[in-house]
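To find a chain, count down the sequence lines: A is the first, B the second, and so on, and within it residues start at 1. It should be emphasised that the depicted structure is a prediction, and the values quoted were computed from it without experimental measurement.
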Amino acid sequence: MSSQENNQQNNEVVAVDENHVIAERREKLKSIREATGGVAFPNDFKPQHKAADLIAAYANQENEAFEATPVNVVVAGRMMLKRVMGKASFATIQDGSGANAGSRIQLYVAKDMISEEVYEQFKHWDLGDFLGATGHLFKTKTGELSIKVTEIRLLTKSLRPLPEKFHGLQDQEVKYRQRYVDLITSEETRATFVARSKVVSAIRNFMIQNEFLEVETPMLHPIPGGASAKPFITHHNALDMQMYMRIAPELYLKRLVVGGFERVFEVNRNFRNEGLSVRHNPEFTMMEFYAAYTDYQWLMDFTENCIRTAAIAARGTAVLEYQGRELDLSKPFQRLTIVGAIQKYAPQYTLEQLNDEAFLRAEILKHGTKPFDHAGLGALQLALFEETAESQLWEPTYIIDYPVEVSPLARASDKNPEITERFELFVTGREIANGFSELNDAEDQAARFHAQMKAKEAGDHEAMFYDADFIRALEYGMPPAGGCGIGIDRLVMMITDSASIRDVILFPHMRAES
RNA sequence: GGGGCGUUAGCUCAGCUGGUAGAGCAGCGGACUUUUAAUCCGUUUGUCGUGGGUUCGAUCCCCGCACGCCCUACCA
């Protein structure tokens, strides 16, 4: 598309989106531009106080004290409410302070405290405009801490009307597409993302306290690896090569363990070219970590601690409520094998049936899933687990002993070569984390990659590629290690009681606006 | 990919199994010097998502399409 066409299209969008409210505000802005000699958006006002701090410090102070010792303040914020009377008015401004990044304080604007000219201007300022005000604190008749304004200025003219002041923004599509509007008007939305930030920093602190080194590994991979998923494919022009957005950082982080960084972690995005749902976004955040000389048992204890710490940091407690149901992260997480979980949550099956491949195949088909032809007993048990038990795992539960054939990067059990020292953590019926004792036998890993290539040839599109450099790295020797990935978005959903992954991602992916 | 529900003023929503639309907020004008979603009086604003069909007549009934939300599938 030429830039001219592009401009035409943008102009059309703007034109369609205009309305009489915006037109009115544009006229006001035009007058402001003329009156100010062109400086309609000044940037010389420096607020000295925040609404939340003033409320914390003075909400309990009475007028006598303010009269005895005047408290002069300088504040700025977006005007959210406005009550104009003949010679004096009230306005409520909101700034970014406070626990949920949005606190409000009331301004009392009286004609005799400012000039008549400024009062006339004030009357025509709109909800959404940014104001800067100077004045002193007092309590109104009803006891609300307010600022008696001696100077007030318009700092930024808002051209678009805010959502209805009482109900706020209700349209879910607009909340996702225009998150900025959602954040202005919804304290709940702001609280969710403040909590998300606390979760992430709590996890970082936890990792650093446990002597992990934070690293950043490539997002563009020449070979997609570390998980079974469909990658986004892109192209590097200068190198003229196909590249893949990473589906997991695993193989790079393990290269670092080979290099001698014995404890590493990375908090970053993974990209998977798969469906969108209430718990899937094409790009999602993962915290993945590796620790030398640890195994999957250690990882389970550690992960449990990490999650509990994050919940307490964000919510002050590990006893949460999710979608109306109690979710207790304070108790030790359960540990069940795949077969054990089926026996517990789908007791209609006998142990004999659960070890009968033909029976399992038929049963899985009944649930509407077709297992791969080459699926062995372990994979079939796993498939039945997913159909019958997984969604019932409300309380935190580690499912352990995953079959080798679906765990190409995990260390096999010393007691049973068919299973791996691997776990997945399920909470509220969803997978939250996946970890295992790492496979550090280069020859075994090479054989597993070959098996994956065969599976790919046999039609398994998600089977892994052979990564020769990763094998070379393992050949230098990787110390015994454990590694785990925690799905941050899902963890935040759980901790913030959010029903959809889109509620915990600031700008979730949507279809293009028509 | 399959199924269900939705789309009406800038926003929040009404709209009676069919007669080309209303309220509140916001805006504009007026009254009001302690309001709290301020109040009171007056007033502007709509391709009823979109394209067809049925009908004398469609926001309403039927079909297609677009977009969204939820469920479901792959997956974390």
Counting the atoms with a prime plus P, OP1 and OP2 as sugar-phosphate, which does [X] contact under 4.0 Å by heavy atoms, base, sugar-phosphate, or nothing?
X	value
R511(A)	sugar-phosphate
D171(A)	sugar-phosphate
E164(A)	base
L491(A)	nothing
N281(A)	base
G86(A)	base
K28(A)	sugar-phosphate
F138(A)	base
V84(A)	base
G168(A)	sugar-phosphate
I486(A)	nothing
M286(A)	nothing

State the pairing partner of [N]; accept Watson-Crick or G-U wobble contacts with both distances under 3.5 Å, and report none otherwise.
N	value
rC69(B)	rG4(B)
rC32(B)	none
rG64(B)	rU50(B)

Using the [atom1] atoms only, state how far [M] lies from [N], rounded to an integer number of Å.
N	M	atom1	result
rG19(B)	rC48(B)	C1'	16 Å
rG24(B)	rU44(B)	P	13 Å
rG29(B)	rC69(B)	P	39 Å
rU8(B)	rG4(B)	C1'	22 Å
rC5(B)	rG22(B)	C1'	25 Å
rC13(B)	rG2(B)	C1'	32 Å
rU59(B)	rU54(B)	P	16 Å
rC60(B)	rG6(B)	P	14 Å

Would the base of rU33(B) count as contacting Y108(A) through its side chain, where contact means a donor and an acceptor less than 3.5 Å apart? yes
Is there a donor and acceptor pair, one atom on the side chain of Q106(A) and one on the base of rU35(B), closer than 3.5 Å? yes
Taking for each residue the nucleotide of RNA chain B with the nearest heavy atom, is it S500(A) or R25(A) whose nucleotide lies nearer the 5' end? R25(A)
Closest to the 5' end of RNA chain B, once K139(A) and S277(A) are matched to their nearest nucleotides, is K139(A)
In terms of relative ring orientation, are F212(A) and F302(A) parallel, tilted or perpendicular, with 30° and 60° separating the classes? tilted
Describe, in one word, how the ring planes of F271(A) and F232(A) are oriented to each other, choosing from parallel (under 30°), tilted (30 to 60°) and perpendicular (over 60°). perpendicular
Within the structure, does a side-chain N or O atom of R160(A) lie under 4.0 Å from either OP1 or OP2 of rA26(B)? no
Which of these, K111(A), K87(A), K123(A), sits in a salt bridge (charged side-chain N to carboxylate O under 4.0 Å, His left out) with E116(A)? K111(A)
Looking only at atom types and distance, does a side-chain atom of N281(A) sit under 3.5 Å from a main-chain N or O of F284(A), one as donor and one as acceptor? no
Do M80(A) and K165(A) touch side chain to side chain, with heavy atoms closer than 4.5 Å? no
Taking NZ from K165(A) and C1' from rA38(B), how many angstroms apart are they, rounded to a whole number? 8 Å
Between rA37(B) (P) and F166(A) (CZ): distance, integer Å: 8 Å
Answer yes or no on whether R179(A) is positioned over the face of F507(A), meaning its NZ or CZ is under 6.0 Å from the six-membered ring centre and within 45° of the axis. no
Taking the six-membered ring of F449(A), is NZ or CZ of K454(A) closer than 6.0 Å to its centre and within 45° of its axis? no
Picking from rC67(B), rU34(B), rU45(B), the nucleotide nearest the side-chain atoms of M85(A) would be rU34(B)
